Amino acid sequence: MRLVTWNINSIRLRFDLLRQVAMVMAPDVICLQEIKVDDPLFPLADCQALGYPHVAFHGMKGYNGVAVLSKRPIEVAEPLSRCGRDDRRHLMVRLEGGVQVHCLYIPAGGDIPDPEANDKFAHKLDFLRELAVWAAGAFTPGDRAILAGDFNVAPLESDVWSHKQMLKVISHTPIEVELLNDFQASAGLVDAVRHFVPASERLYTWWSYRSNDWQRNDRGRRLDHVWVTPALVPGLRSALVAREARSWTQPSDHVPVMVDLDL
DNA sequence: ATGGTAGCGTTGCTA
């Protein structure tokens with residue numbers, strides 16, 4: 001099974017790039033974040049025409065929103081709300097055979113890395129804490145689940161262009177990294193990409209739109225992740241970050257992340 | 001130390 005996760009930053013504006021991902025990478029399952037479209041306007045028929053007859057979406061007007069496209073039937077699609085808000089950041093689908101796919105869009109958290117001064121950062125930290133509690137009770141040993149999406153945290157030193165310069169920049173502050181690690185550890189989840197790429201090797205999935213030359217400066221961060229439950233680890237086959245997607249015409253600031261695994 | 005771009009939907013908010 002091939003899974004791709006991608007923060008598409010508007011599914012309507014970038015539908016042609018989604019078509020390219022579908023045709024070139026040929027994933028069985030695509031997890032999308034920041035679709036930025038209200039459910040009544042979701043391009044369902046267009047997704048189905050790409051070869052994904054089974055689509056779950058959980059969007060809202062203007063912001064956020066997640067979707068899962070699947071070639072094979074989806075047995076259950078369950079939108080989840082977090083921190084008492086209906087902000088459309090978590091969608092679970094169950095595939096035939098019982099494998100869960102969780103599409104996640106963790107809040108970015110704004111600019112000021114102080115939860116007292118910045119409500120958006122406080123929300124991000126609460127969101128991470130809630131995910132840790134949820135994950136601790138969500139899976140039993142032997143459960144097969146994939147958690148994929150824009151987690152908005154770059155946990156390793158090699159996940160950012162400069163660890164030292166990023167310590168007070170939201171996405172790489174110690175408190176976020178600790179909470180993300182707690183979330184991961186709470187269910188023994190394994191980072192499917194770092195399973196294949198050693199921590200000594202720099203790896204990014206996002207480059208700011210504000211850089212005037214993202215390729216030369218290469219000030220990226222690895223914000224997009226695919227995690228699996230222990231039962232799926234023996235089936236992991238390969239992982240790939242599609243860096244070239246950042247050079248496409250009118251790109252997203254995130255690139256697709258792909259994982260192949262035997263279920 | 002600062003400001004830079006992008007998308008949505010209106011002229012601000014979020015990333």
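We name chains A, B, ... by the order of the sequence lines, and we start the count at 1 in each one. Because the structure is a prediction, the values reported are computed rather than measured.
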Task: Residues clustering with A:M60 (ILVMFWY side chains joined when closer than 4.5 Å, directly or via others) - done: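 Once heavy-atom contacts under 4.5 Å are chained together, A:M60 still belongs with nothing else.
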Test salt bridge (Lys or Arg N to Asp or Glu O under 4.0 Å) applied to [X] - qualifying residues, sequence neighbours left out:
X	answer
A:D119	none
A:R12	none
A:R89	A:D87

Strand contacts (DNA chain B) in [range], 4.0 angstrom heavy-atom criterion:
range	value
residues 162-178 of chain A	none
residues 17-25 of chain A	none
residues 117-129 of chain A	A:K120
residues 208-226 of chain A	A:Y209, A:R210
residues 55-65 of chain A	A:K61, A:G62, A:Y63

Open item on the list: Under a 3.5 Å cutoff, is there a donor and acceptor pairing between the side chains of A:T173 and A:E176?
Closed with: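 Indeed, the side chains of A:T173 and A:E176 share at least one donor-acceptor pair under 3.5 Å.
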Task: side-chain hydrogen bond (donor to acceptor under 3.5 Å, both in side chains) partners of A:E96, counting only residues at least two apart - done: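 Per chain and number, A:E96 pairs via side-chain hydrogen bond (donor to acceptor under 3.5 Å, both in side chains) with A:R72.
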- [ ] Decide if the gap between the ring center of A:F183 and the ring center of A:W227 is smaller than 6.0 angstrom.
- [x]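 They qualify: ring centres under 6.0 Å apart.
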TODO: Establish, yes or no, whether a centroid distance under 6.0 Å links the rings of A:W134 and A:H90.
DONE: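 Yes, they do, as the ring centres are separated by less than 6.0 Å.
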Open item on the list: For chain A and DNA chain B, what are the first and last nucleotides along the strand, 5' to 3', with at least one atom under 4.0 angstrom from a heavy atom of the protein chain?
Closed with: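 The footprint of chain A covers B:dG4 to B:dA15.
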- [ ] Would you mind checking if A:R194 and A:D191 are paired as a salt bridge, meaning a charged N to carboxylate O distance below 4.0 Å?
- [x]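 Looking at A:D191 and A:R194, the cut-off is not met.
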Task: Integer angstrom distance from the C1' of B:dT10 to that of B:dT14 - done: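 Between the two C1' atoms, the distance is 14 Å.
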Open item on the list: I'd like the C1' distance from B:dA6 over to B:dT11, given in whole Å.
Closed with: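 Straight-line distance between the two C1' atoms is 16 Å.
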If you look only at distance, which donor and acceptor atoms sit under 3.5 Å apart when one is on a side chain in residues 48-57 of chain A and the other is two or more places apart or in another chain?
| residue | atom | partner | partner atom | Å |
| --- | --- | --- | --- | --- |
| A:Q48 | NE2 | A:P53 | O | 3.1 |
| A:Y52 | OH | A:P27 | O | 2.6 |

Open item on the list: My understanding is that only one of A:D159, A:V177, A:L223 makes a side chain to side chain contact (heavy atoms under 4.5 Å, CB included) with A:S171; could you say which?
Closed with: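 Among A:D159, A:V177, A:L223, the one that satisfies the side chain to side chain contact (heavy atoms under 4.5 Å, CB included) with A:S171 is A:L223.
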